[in-house]
Protein chains: 2
Amino acid sequence: MRPLTHPSIDDITVEGILHALSDPVRVRIYTQLACAERANSCSAFLQVEDRCIPKSTLSQHFRALREAGLIRSERRGVEMLNTTRCDEIQQRFPGLLPAIMQAHAIQSGKPLPPAPEGDDK
Amino acid sequence: MRPLTHPSIDDITVEGILHALSDPVRVRIYTQLACAERANSCSAFLQVEDRCIPKSTLSQHFRALREAGLIRSERRGVEMLNTTRCDEIQQRFPGLLPAIMQAHAIQSGKPLPPAPEGDDK
DNA sequence: TCCCATGGTTCGCAACATACGAACTTATGA
DNA sequence: TCATAAGTTCGTATGTTGCGAACCATGGGA
């Protein structure tokens, strides 16, 4: 099993981020991770929006998010803990992720509060 | 030749926008259109970033941008005039396009001025 | 120590998407 | 009417994605 690889912050591209977040399942996963208090395992997402996601597919989605630089994954015993890298990305591309998240929220009918600075609690 | 179809503003999705703009050629085209004073024909983009784009490929890229709702195309004699729909999209997803454009600008080393409101001149 | 359950990954294949040359359509102008 | 220019469509080769089956790694029990 090859080791987990994460791009350095400077290797993260806008194209990569947009591509990763242009998939509804990945957006959903990312949103959940961004809202989570603690790191989340992959298997917490076997069900996404009434849809049952096969675990091989889920594994690919996590890999896509990881390689795009959107999340950081760490093996912890038998499972994996995932957290977003939103602080780093906010440094490199200020405002990008909040705007995308807000747009998704608007589309799903639940706009977020304005959030002037990094509101990511 | 089938007629040009444009999605209504309510049918435009965030996924569609992100997917369309996750391609470097399309971003380039969109950026040029957004900065242009007047509408632009397709053939103005046969060369993109030192790369010569075949016109069939270009045609597909324009279709992708059009069907994602990012641009509006109008046949004008033998050529086609393209304009962005950024005002409409700004209404539906405020801040999304400016943030993406800014991120691309940062990535290419030429950050844009802050632009508090719709700066789209 | 052995076995097994659990959480993820990898492989292989089918389905879908993309790039591009060749052939086509439409409009313009000589 | 013919030639040319701007785009589109088609066919094919190549890439990407989704998913089941098989696999790997870790953490408990007996």
Side-chain angles (χ1 to χ4, degrees), chain A residues 1-6 13 15-30 32-33 36 38-68 70-83, chain B residues 1-6 13 15-29 32-33 38-68 70-83:
Chain A
M1 218 170 265
R2 73 184 61 132
L4 298 174
T5 60
H6 296 88
T13 66
E15 288 88 344
I17 292 175
L18 298 192
H19 179 251
L21 294 182
S22 69
D23 179 281
V25 172
R26 288 195 292 263
V27 177
R28 193 72 185 185
I29 292 173
Y30 184 80
Q32 293 266 103
L33 287 180
R38 303 176 305 97
N40 248 297
S41 74
C42 297
S43 59
F45 298 92
L46 286 171
Q47 193 80 23
V48 169
E49 297 246 303
D50 299 339
R51 228 162 73 72
C52 178
I53 313 284
K55 62 181 191 168
S56 61
T57 303
L58 207 53
S59 180
Q60 306 277 44
H61 283 313
F62 273 92
R63 189 155 76 98
L65 289 168
R66 189 162 56 238
E67 295 185 348
L70 282 162
I71 66 173
R72 195 175 286 286
S73 312
E74 189 188 352
R75 278 191 228 285
R76 185 68 176 251
V78 73
E79 65 185 0
M80 194 131 101
L81 297 188
N82 300 285
T83 48
Chain B
M1 218 171 266
R2 73 184 63 133
L4 299 173
T5 59
H6 296 87
T13 66
E15 288 89 344
I17 291 175
L18 298 192
H19 179 251
L21 294 181
S22 70
D23 179 282
V25 173
R26 287 195 291 262
V27 177
R28 194 70 186 183
I29 293 173
Q32 292 267 104
L33 287 180
R38 302 179 305 97
N40 247 296
S41 74
C42 297
S43 58
F45 298 92
L46 286 171
Q47 194 80 23
V48 169
E49 298 245 303
D50 300 337
R51 228 163 73 73
C52 177
I53 312 285
K55 61 180 190 165
S56 60
T57 304
L58 207 53
S59 180
Q60 306 277 44
H61 283 314
F62 273 90
R63 189 154 77 97
L65 288 169
R66 191 162 55 238
E67 294 185 349
L70 283 162
I71 66 173
R72 194 176 287 285
S73 311
E74 189 188 350
R75 278 192 227 285
R76 185 69 175 249
V78 73
E79 64 187 358
M80 194 132 101
L81 297 188
N82 299 286
T83 48

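In what follows, every chain begins at residue 1, and chains take the letters A, B, ... in the order their sequences are listed.
Rounded to a whole Å, the CZ atom of R76(B) is 14 Å from the P atom of dG7(D). Rounded to whole Å, atom P of dA6(D) lies 14 Å from atom CZ of F45(B). One interatomic measurement links the two molecules: CG of L46(A) to P of dG20(D), which rounds to 12 Å at whole-angstrom precision. As a whole-Å value, the separation of L4(B) CG from dT8(D) C1' is 10 Å. Atom CZ in R75(A) sits about 8 Å away from atom C1' in dA25(D), given to the nearest Å.
With rounding to the nearest 0.5 angstrom, the OG atom of S43(A) is 13.5 Å from the CD1 atom of I53(A). Atom CG of L33(A) and atom CZ of R38(A) lie 12.0 Å apart (nearest 0.5 Å). We find the CG-OG1 distance between L18(A) and T13(A) to be 8.0 Å, quoted to the nearest 0.5 Å. Taken from NE2 in H61(A) to CD1 in I71(A), the straight-line distance is 12.0 Å, to the nearest 0.5 Å. Here the CD-CZ distance, from E67(A) to R63(A), works out to 5.0 Å after rounding to the nearest 0.5 Å. In this structure, the separation between OG1 on T83(A) and CG on L70(A) is 11.5 Å, given to the nearest 0.5 Å.
With sequence neighbours excluded, the residues satisfying salt bridge (Lys or Arg N to Asp or Glu O under 4.0 Å) with R28(A) are E49(A).
Minimum heavy-atom separation, A68(A) to A20(A): CB-CB, 3.8 Å. Here the closest heavy-atom approach between residue L46(A) and residue L58(A) is recorded as CD2-CD2, 3.7 Å.
The nearest heavy atom of DNA chain D to C52(A) and to S43(B) marks one nucleotide each, and the one closer to the 5' end goes with S43(B). Residue order along DNA chain D, read from the 5' end via each residue's closest nucleotide, puts N82(B) first among R51(A) and N82(B).
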request  = Using the side chain to side chain contact (heavy atoms under 4.5 Å, CB included) rule, take Q32(A) and V48(A) through it: C-alpha gap first, then chi angles, then the decisive distance, then the call.
outcome  = CA-CA 10 Å; Q32(A) 293 266 103; V48(A) 169; over 6 Å; no
task = Starting from the C-alpha separation in whole Å, work towards a yes-or-no answer on side chain to side chain contact (heavy atoms under 4.5 Å, CB included) for R26(A) and E15(B).
result = CA-CA 11 Å; R26(A) 288 195 292 263; E15(B) 288 89 344; over 6 Å; no
task = Dump the intermediate steps for side chain to side chain contact (heavy atoms under 4.5 Å, CB included) on I29(A) and F62(A), then the final yes or no.
result = CA-CA 9 Å; I29(A) 292 173; F62(A) 273 92; 3.7 Å; yes
Can you give me the N/O atom pairs linking the protein to nucleotides 28-30 of chain D at distances under 3.5 Å, or say none if there are none?
none

Protein and nucleotides 15-17 of chain D: nitrogen or oxygen contacts under 3.5 angstrom:
residue : atom : partner : partner atom : Å
dT17(D) : OP1  : H19(A)  : NE2          : 3.2

Polar atom pairs (N or O), protein with nucleotides 9-12 of chain D, under 3.5 Å:
residue : atom : partner : partner atom : Å
dT9(D)  : OP1  : R2(B)   : N            : 3.4
dT9(D)  : OP1  : R2(B)   : NE           : 3.4

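When each of dG7(D), dA25(D), dG20(D) is scored by its nearest atom to the side-chain atoms of V78(A), the top-ranked nucleotide is dA25(D).
On the nucleic acid side, DNA chain C has its first and last nucleotide under 4.0 Å of a heavy atom of chain A at dT6(C) to dT10(C), going 5' to 3'.
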Check: residues 73-82 of chain A side-chain donor-acceptor pairs under 3.5 Å, at least two apart:
residue : atom : partner : partner atom : Å
S73(A)  : OG   : R66(A)  : NH1          : 3.1
S73(A)  : OG   : N82(A)  : OD1          : 2.8
R75(A)  : NH2  : R2(A)   : O            : 3.3
N82(A)  : ND2  : N40(A)  : O            : 2.9

